[in-house]
K.L.:
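My questions all concern the structure below.
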Amino acid sequence: MTEPHQSNGTEPTTTQAVPAQPGPAEAGRRDGLLDPAAMAAAAERAEVVMDRAGQVANQAAERAGEAIERAAAASGRVATAVVDRLRNDAEVLVDRGTTRIEDEVVEKIAGIAAREVPGVHDLGGDAARFFASVKERVGLGETGEGTRGVSARLEGKTARITVTLVVDYGTQVLPVTEQVRAKVIEAVERMLDLQVTEVNIVVDDVAPPK
């Protein structure tokens, strides 16, 4: 039988409980409220995340905008090319209808005017003159003689004309080309009431003296 423990004049020793340390879940709390430092850190992290998300969104929007611009530019070029091919005539609105001038009319007037300039031996490049001579030999005559060596691009009331020349040997080339340019502009604008924006002249050959 165990003897009861007797103290030596002192109170019985008692073991006091050590308070538990706050865990991670409670590290950010103080007196039941969030710790201001923890709140500030969380807000800073959220701001960084939002900034990054905004940068990504802006970059995506810029890439999408660039793609749209490239597509629009490409479609615009295609549309311009199609219109340029389909619309090669001068169409003038009048009171009760329209007056349409075909490009061949402009080319023929420009060709006749260019041939009137002294020093112009012929119109057209080597290939055009060769086929013209073949047509003459087989009995087709001078088919296409009026428009040979001349091309016109028309839009509305404006015209751009290109003339290919063969000049006589011994003539001063530049004065001849300037006279051709002036003659062509004067004839087309006077007869057709069009605005000739440019006349480009190509000197393709020189005809030797006969």
Side-chain angles (χ1 to χ4, degrees), residues 70 72-210:
R70 288 194 298 269
S75 62
R77 288 192 297 269
V78 172
T80 301
V82 171
V83 170
D84 189 51
R85 289 183 180 180
L86 295 179
R87 185 180 182 183
N88 186 29
D89 53 55
E91 188 170 280
V92 182
L93 294 176
V94 293
D95 187 23
R96 297 186 180 182
T98 61
T99 299
R100 179 171 175 168
I101 302 172
E102 298 290 344
D103 55 345
E104 290 86 355
V105 177
V106 179
E107 292 170 356
K108 194 162 189 176
I109 293 174
I112 295 173
R115 290 175 185 276
E116 293 178 350
V117 176
V120 174
H121 180 81
D122 202 355
L123 299 183
D126 295 335
R129 297 197 306 275
F130 170 76
F131 285 115
S133 64
V134 170
K135 290 178 181 178
E136 291 181 17
R137 291 177 183 176
V138 299
L140 295 178
E142 296 183 351
T143 305
E145 179 76 13
T147 60
R148 190 180 75 217
V150 183
S151 63
R153 303 299 297 174
L154 310 179
E155 184 173 352
K157 296 193 67 176
T158 63
R160 291 178 293 139
I161 302 171
T162 300
V163 182
T164 303
L165 301 177
V166 178
V167 298
D168 290 325
Y169 174 81
T171 60
Q172 291 184 303
V173 175
L174 292 182
V176 169
T177 59
E178 288 304 312
Q179 292 180 48
V180 169
R181 182 175 288 107
K183 268 277 194 181
V184 168
I185 293 174
E186 189 274 333
V188 172
E189 291 187 344
R190 175 175 53 83
M191 295 183 63
L192 301 177
D193 195 25
L194 296 176
Q195 179 186 2
V196 180
T197 57
E198 61 184 54
V199 175
N200 300 309
I201 299 176
V202 179
V203 180
D204 183 74
D205 202 355
V206 176
K210 296 181 180 178

K.L.:
Looking at every heavy atom in both Pro208 and Tyr169, which two are closest together, and how far apart are they?
P.N.:
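Smallest heavy-atom distance, with atoms named: CA-CB, 4.2 Å.
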
K.L.:
Treating Thr164 as the side-chain partner and Leu123 as the backbone partner, does any N or O pair qualify as donor plus acceptor under 3.5 Å?
P.N.:
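Side chain of Thr164 to backbone of Leu123: no pair is present.
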
K.L.:
Name all residues meeting the salt bridge (charged side-chain N to carboxylate O under 4.0 Å, His left out) criterion together with Glu198; count only those two or more places apart in sequence or in a different chain, and write none if there are none.
P.N.:
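Salt bridge (charged side-chain N to carboxylate O under 4.0 Å, His left out) check on Glu198 returns nothing, list empty.
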
K.L.:
Which value, rounded to the nearest 0.5 Å, describes the distance between Ile185 atom CD1 and Arg190 atom CZ?
P.N.:
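Answer for the CD1-CZ pair, Ile185 versus Arg190, is 13.5 Å.
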
K.L.:
Give the minimum heavy-atom separation between Pro118 and Gln179, together with the two atoms involved.
P.N.:
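Taking Pro118 first and Gln179 second, the nearest heavy atoms are CD-OE1, 4.2 Å.
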
K.L.:
What distance separates Ile201 CD1 from Thr177 OG1, expressed to the nearest 0.5 Å?
P.N.:
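Atom-to-atom, Ile201:CD1 and Thr177:OG1 are 5.0 Å apart.
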
K.L.:
Go through it in stages, so that I can follow the logic: the residues are Val184 and Val196, the test is side-chain contact (heavy atoms from CB on, under 4.5 Å), and I'd like the CA-CA distance, side-chain angles, deciding distance and then a yes or no.
P.N.:
CA-CA 9 Å; Val184 168; Val196 180; 5.6 Å; no

K.L.:
Between CD1 of Ile109 and NZ of Lys183, what distance do you get to the nearest 0.5 Å?
P.N.:
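Nearest 0.5 Å value for the CD1-NZ distance: 13.0 Å.
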
K.L.:
Is the shortest side-chain N to carboxylate O distance from Arg100 to Glu102 below 4.0 Å?
P.N.:
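Salt bridge present between Arg100 and Glu102.
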
K.L.:
With rounding to the nearest 0.5 angstrom, report the OG1 to CD distance, Thr197 to Glu155.
P.N.:
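Here the rounded value is 10.0 Å.
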
K.L.:
Does Glu178 come within less than 4.0 Å of Arg181, counting only side-chain N to carboxylate O?
P.N.:
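Counted as a salt bridge, because a side-chain N and a carboxylate O are separated by less than 4.0 Å.
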
K.L.:
Just verifying a value: how many Å separate Leu194 CG and Arg160 CZ, rounded to the nearest 0.5 Å?
P.N.:
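Rounded to the nearest 0.5 Å, the CG-CZ separation comes to 13.5 Å.
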
K.L.:
Identify the heavy atoms of Ala110 and Val150 that sit nearest to each other, and give their distance.
P.N.:
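Looking at all heavy atoms of both residues, the closest pair is CB-CG1, 3.8 Å.
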
K.L.:
Pick out which of Val176, Asp205, Val117, Asp204 makes a side chain to side chain contact (heavy atoms under 4.5 Å, CB included) with Val167.
P.N.:
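The single option meeting the side chain to side chain contact (heavy atoms under 4.5 Å, CB included) with Val167 is Val176.
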
K.L.:
What's the shortest heavy-atom distance between Val120 and Ala114, and which atoms?
P.N.:
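Looks like CG2-O, 3.5 Å.
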
K.L.:
List the atom of Ala207, the atom of Val166, and the distance in Å for their closest heavy-atom pair.
P.N.:
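Closest approach of Ala207 to Val166, heavy atoms only: N-CG1, 3.9 Å.
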
K.L.:
Testing the basics here: between Ala159 and Leu154, what is the closest heavy-atom pair and its distance to 0.1 Å?
P.N.:
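Closest approach of Ala159 to Leu154, heavy atoms only: CB-CD2, 3.3 Å.
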
K.L.:
Taking the side chain as every heavy atom from C-beta outward, state whether Asp122 and Arg115 have any atom pair closer than 4.5 Å.
P.N.:
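In short, these two side chains touch, coming nearer than 4.5 Å.
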
K.L.:
Sequence neighbours left out, what passes salt bridge (charged side-chain N to carboxylate O under 4.0 Å, His left out) with Asp193? Give chain and number order.
P.N.:
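Salt bridge (charged side-chain N to carboxylate O under 4.0 Å, His left out) check on Asp193 returns Lys157.
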
K.L.:
Are Met191 and Val105 packed together at the side-chain level, in the sense that at least one heavy-atom pair is separated by less than 4.5 angstrom?
P.N.:
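The answer is no; the side chains never approach within 4.5 Å.
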
K.L.:
To the nearest 0.5 angstrom, please state how far the CG atom of Asn200 sits from the OG1 atom of Thr162.
P.N.:
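The OG1 atom of Thr162 is 4.5 Å from CG of Asn200, to the nearest 0.5 Å.
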
